[in-house]
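Right, one structure below, let's go through it.
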Amino acid sequence: MSNESLDRFANAKLDRLTAHGLRRSVVDTQRTDAVHIRRAGRDLISFCCNDYLGLTHHAAVKAAAAEAVDAYGAGAGASRLITGNHDLYGVLESKLATLKGTEAACVFGSGYMANSGILPALAGPGDLIVIDELGHASMHMGARAARAEIRTFRHNDADDLASLLAENREKFGTCLVVTEGVFSMDGDRAPLDRLAAVTADHDAWLMVDDAHGFGVLGGGRGSAWEFDPHPEIPLQMGTLSKAAGVYGAFLCASAPVIELMKNRARSLVYTTGLPPAVIASCIAAVDIIATDADRVARPLHNAKTFCDAVGLPEPGSPIVPLVIGAEQATLEASAALEDAGFLVTPIRPPTVPAGTSRLRFTFTAEHTQAQVAALAAAVNGLFLPETDARAAGA
Ligand SMILES: *Cc1c(COP(=O)(O)O)cnc(C)c1O
């Protein structure tokens, strides 16, 4: 049985998306190892997964999950505050705190949930949250849930942030400044040293979402360790679903802040704990990040090799955008690469601003030199329109 007005509503919304070229679809996809995927019976080499270190299919990470399912069952059974706080949480959290150099850490269900819960625990009505204009949707989710005043600063512009804070900081109670270590659609890095200085000057708290830096930059510890000396960042968030290859997320911070999260972050309190097997896999993954320097260095190395070969500027992360501009041309370039055996998803508005449609390549530790070279050859063979797309990407 279906409710007619409900279906009419859904269909009208979908028709509008279709009319604007914004309709999306999920495609059945099987990742057969860290690099290969199977779609519609066809095997492709993926350059668009976030599995930077190839840990989704790493023997030790998989074995940890299998053993934990056997020992502890499939699910947690309750919220962490009831009976879902398996001992493995403490092990993972102390490893993360050690790696990040903080007093404590707290693991959340996912990055989206972490950002949704952290911000409202630290800011509310009468407080100020300032977000980089290219900040992830989950930051805005958290900021809206906080019901604080929300402002944005120009992308990676510490001077714009400084003047915004100079003008507005005193009108508010607490003030949080939120940015990403590595921006997910452009692969560029935030000027964390300058942002840390500006926030400290204005009694604001800096929170960095290092979803794409953790495990691949700063020797695995994250974007902040690309700076020497590394800036003090009081709120260091990251996910366990990208370089770590599993699922979940964390906040590394002082002991009182972490204690507050366990009391007040609604996306931690009012949700079931992670399955023990997920936590066990995360522990194995974090051990690899902490000890396998060669694996950690490879994604960025592969990105550099590719950029060299296609004439793009040196990348700051394993994410490499090739901005083409027009949507149609971007779709055609992606289709041509797929014909050549490579999966590279086209990124279009509203994910990125209009007129900046792009191919977005991600490089991993498991891509071979031969695969990177073959991709570069295919990209060099693309017929790209109008203005020099390489220059636009620069
Ligand atoms: C992927 C991502 C998230 C969400 O993390 P999940 O663990 O996938 O929910 C949050 N912030 C940024 C910047 C991301 O790229």
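Whatever order the structure lists ligands and atoms in, that order sets their numbers, starting from 1. Here the structure is a predicted model, which is why all the values come from computation and not from measurement.
Residues forming a side chain to side chain donor-acceptor pair (under 3.5 Å) with S138 (at least two apart in sequence, or on another chain): N115, H136.
The distance from ligand 1 to the heavy atoms of T239 drops below 4.0 Å at these ligand atoms: 5 (O), 7 (O). The contact set between ligand 1 and A211, taken as ligand atoms under 4.0 Å from a residue heavy atom, comprises 2 (C), 12 (C), 13 (C), 14 (C), 15 (O). Below 4.0 Å from some heavy atom of D209 lie the following atoms of ligand 1, by number and element: 10 (C), 11 (N), 12 (C), 13 (C).
The shortest separation from a heavy atom of K242 to ligand 1 is under 4.0 Å, placing the residue in contact.
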Mind running salt bridge (charged side-chain N to carboxylate O under 4.0 Å, His left out) on K262 and E93 for me, showing each step along the way? CA-CA 13 Å; K262 291 177 179 172; E93 288 173 344; 3.2 Å; yes

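Between the side chain of H202 and the backbone N or O of A204 there is no donor-acceptor pair closer than 3.5 Å. With hydrogens and angles disregarded, no donor-acceptor distance shorter than 3.5 Å links the side chain of K62 to the backbone of T56.
Of the options G111, S138, S241, the smallest heavy-atom separation from atom 8 (O) of ligand 1 is shown by S241.
With ring centers used as reference points, F306 lies 6.0 Å or more from F47.
Only side-chain heavy atoms of H212 come within less than 4.0 Å of ligand 1; its backbone N, CA, C and O stay farther off.
The shortest N or O to N or O distance between E180 and ligand 1 is not under 3.5 Å. Not one N or O of S184 is nearer than 3.5 Å to an N or O of ligand 1, by distance alone.
Scanning the protein heavy atoms around atom 9 (O) of ligand 1, the nearest turns out to be Y112 N, 2.9 Å.
Checking T351 against R24 by side-chain atom types alone, a donor-acceptor pair falls below 3.5 Å.
Comment: R154 does not engage E133 in a salt bridge, judged by the lack of any side-chain N to carboxylate O separation of less than 4.0 angstrom.
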